[in-house]
**Q** 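My structure is below; once you've seen it, I'll send some questions.
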Protein chains: 2
Amino acid sequence: MGASKSAGFTEEQNDISQVFKALGHPARIAIIQHLMNIKSCICNDLVGILPLSQATISQHLRELKEAQIIKGTIDGTSVCYCLNSNVFETMINTLHEFKELDQKNTKECC
Amino acid sequence: MGASKSAGFTEEQNDISQVFKALGHPARIAIIQHLMNIKSCICNDLVGILPLSQATISQHLRELKEAQIIKGTIDGTSVCYCLNSNVFETMINTLHEFKELDQKNTKECC
DNA sequence: GATATTTATCGCAATATTACGATATAAATA
DNA sequence: TATTTATATCGTAATATTGCGATAAATATC
């Protein structure tokens, strides 16, 4: 196989897992960390920072964009990328819900 | 390729991405949600809940265990699984750091 | 207009993931 | 002891991901 059976799960389960999946690669975490520090948007700069080729970095940027974690604005020949400011907020909220639901349940654990 | 170049990234980047990666599948989100609701640990129950075979569910449980998201305790013929209570806390903290770093930077975005 | 610069995409190869049936292992029960 | 129950693992197949070089596309600069 290799394809996950997304049809058998809820839309929420698929949506949540997709965002986490986009964060599940060290290069994409590195890109996010760089954007946090530099803020003003980059692009080809990453080629000198990450140990990856331009083509590979472009792919990772696309995945982050598709997951709505970053956005890209065309600026001449280059594309200016920056974080979607609500990303962390949204994820923190999701995890907070998880945490509260878990704590609300007073049943004993193994 | 197919193998990510983990050597070229920091230990933190690899660690963070690994936890996210483990959450990057709808079945594993479904397992976590079930554990949040039921708390008292399950195992073969999941076979009746998820649209997956016993072998596949066992694999997903192993991945969650390796990422320290759940823990398993042997109980007779079965294994009792439950959430590591600090998982959400840890992830929330990581994301909070990200968020604060991002907000601290007042540079303009594109 | 020719040439650089930047990014995206194509094609390919290597490896990883997902999924399943079959089977092994281990403990409980008849 | 034989059987049931629960889980893990092996082997295999299909698909996805990762990564790169080459190349295309679009704008800037000479």
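Letters go in sequence order (proteins before strands), and every chain restarts at 1.
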**Q** Would you say C:dA8 has OP1 or OP2 under 4.0 Å from some side-chain N or O of A:Tyr81?
**A**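 Result: yes.
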**Q** Can you establish whether the number of heavy atoms outside B:Leu101 located under 6.0 Å from its atom CG is more than 12?
**A**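 Count over threshold, so yes.
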**Q** Measure the distance from CG on B:Asn14 to P on D:dT18 and round it to the nearest whole Å.
**A**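 About 13 Å, once rounded to whole Å.
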**Q** So, does B:Gln13 use its side chain to make a donor-acceptor pair with the main chain of B:Thr10 at under 3.5 Å?
**A** yes
**Q** Between A:Phe20 (CZ) and D:dT17 (P), how many Å, whole number?
**A**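 Rounded to whole Å, this separation is 18 Å.
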**Q** On a heavy-atom basis, which atom in B:Lys21 and which in B:Arg28 lie closest, and how many Å separate them?
**A** O-NH2, 3.4 Å
**Q** Can any side-chain N or O of A:Asn84 pair as donor or acceptor with the backbone N or O of A:Gln68 at less than 3.5 Å?
**A** yes
**Q** Could you check whether any side-chain heavy atom of B:Leu46 comes within less than 4.5 Å of a side-chain heavy atom of B:His60, counting everything from C-beta outward?
**A** no
**Q** Does anything in residues 55-68 of chain B come within less than 4.0 Å of DNA chain C? Heavy atoms only, and list the residues if so.
**A** B:Ala55, B:Thr56, B:Gln59, B:His60, B:Glu63
**Q** Name the pairing partner of C:dA30, where a pair is Watson-Crick or G-U wobble with both distances under 3.5 Å, or state none.
**A** D:dT1
**Q** How about CD1 on A:Ile74, more than 12 heavy atoms from neighbouring residues, nucleotides or ligands closer than 6.0 Å, or not?
**A** no
**Q** How many Å lie between CD on A:Gln54 and C1' on C:dT5, as a whole number?
**A** 11 Å
**Q** Which whole-number value in Å describes the distance from B:Lys5 NZ to D:dC20 C1'?
**A** 9 Å
**Q** To the nearest Å, give me how far apart CG (B:Leu46) and P (D:dA8) are.
**A** 11 Å
**Q** So, does B:Lys5 use its side chain to make a donor-acceptor pair with the main chain of A:Pro51 at under 3.5 Å?
**A** yes
**Q** Where along residues 21-30 of chain A does a heavy atom come under 4.0 Å from DNA chain D, residue by residue in number order?
**A** A:Lys21, A:His25, A:Arg28
**Q** Mind listing the closest non-hydrogen atom pair of A:Asp102 and B:Phe88 along with its distance?
**A** CB-CE1, 4.3 Å
**Q** Let me know the distance between CD of A:Gln18 and P of D:dA16, rounded to the nearest Å.
**A**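 In whole Å, D:dA16 P lies 13 Å from A:Gln18 CD.
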**Q** Can you see which heavy atom on B:Ala27 is nearest to which on B:Leu52, and at what distance?
**A**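 Shortest heavy-atom contact: CB-CD1, 3.7 Å.
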**Q** Here's a test of your reading of the structure: between A:Ala3 and B:Ser78, which maps to the more 5' nucleotide of DNA chain D?
**A**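 This one resolves to B:Ser78.
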**Q** Can you tell me if A:Thr77 touches the phosphate of C:dT5, counting only side-chain N or O atoms and a distance under 4.0 Å to OP1 or OP2?
**A**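 For C:dT5, OP1/OP2 do not have a side-chain N/O of A:Thr77 under 4.0 Å.
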**Q** Between B:Pro51 and A:Val47, which has a closest nucleotide on DNA chain C that is more 5'?
**A**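 Result of the comparison: A:Val47.
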**Q** Whole angstroms only, please: what is the CG-P distance between B:Leu52 and C:dA19?
**A**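 Atom-to-atom, B:Leu52 to C:dA19, this comes out as 5 Å.
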**Q** If you look at every strand shown and take non-hydrogen atoms under 4.0 Å, does A:Ile74 touch a base, only sugar-phosphate, or nothing?
**A**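 No contact at all - A:Ile74 keeps every heavy atom at 4.0 Å or more from the nucleic acid.
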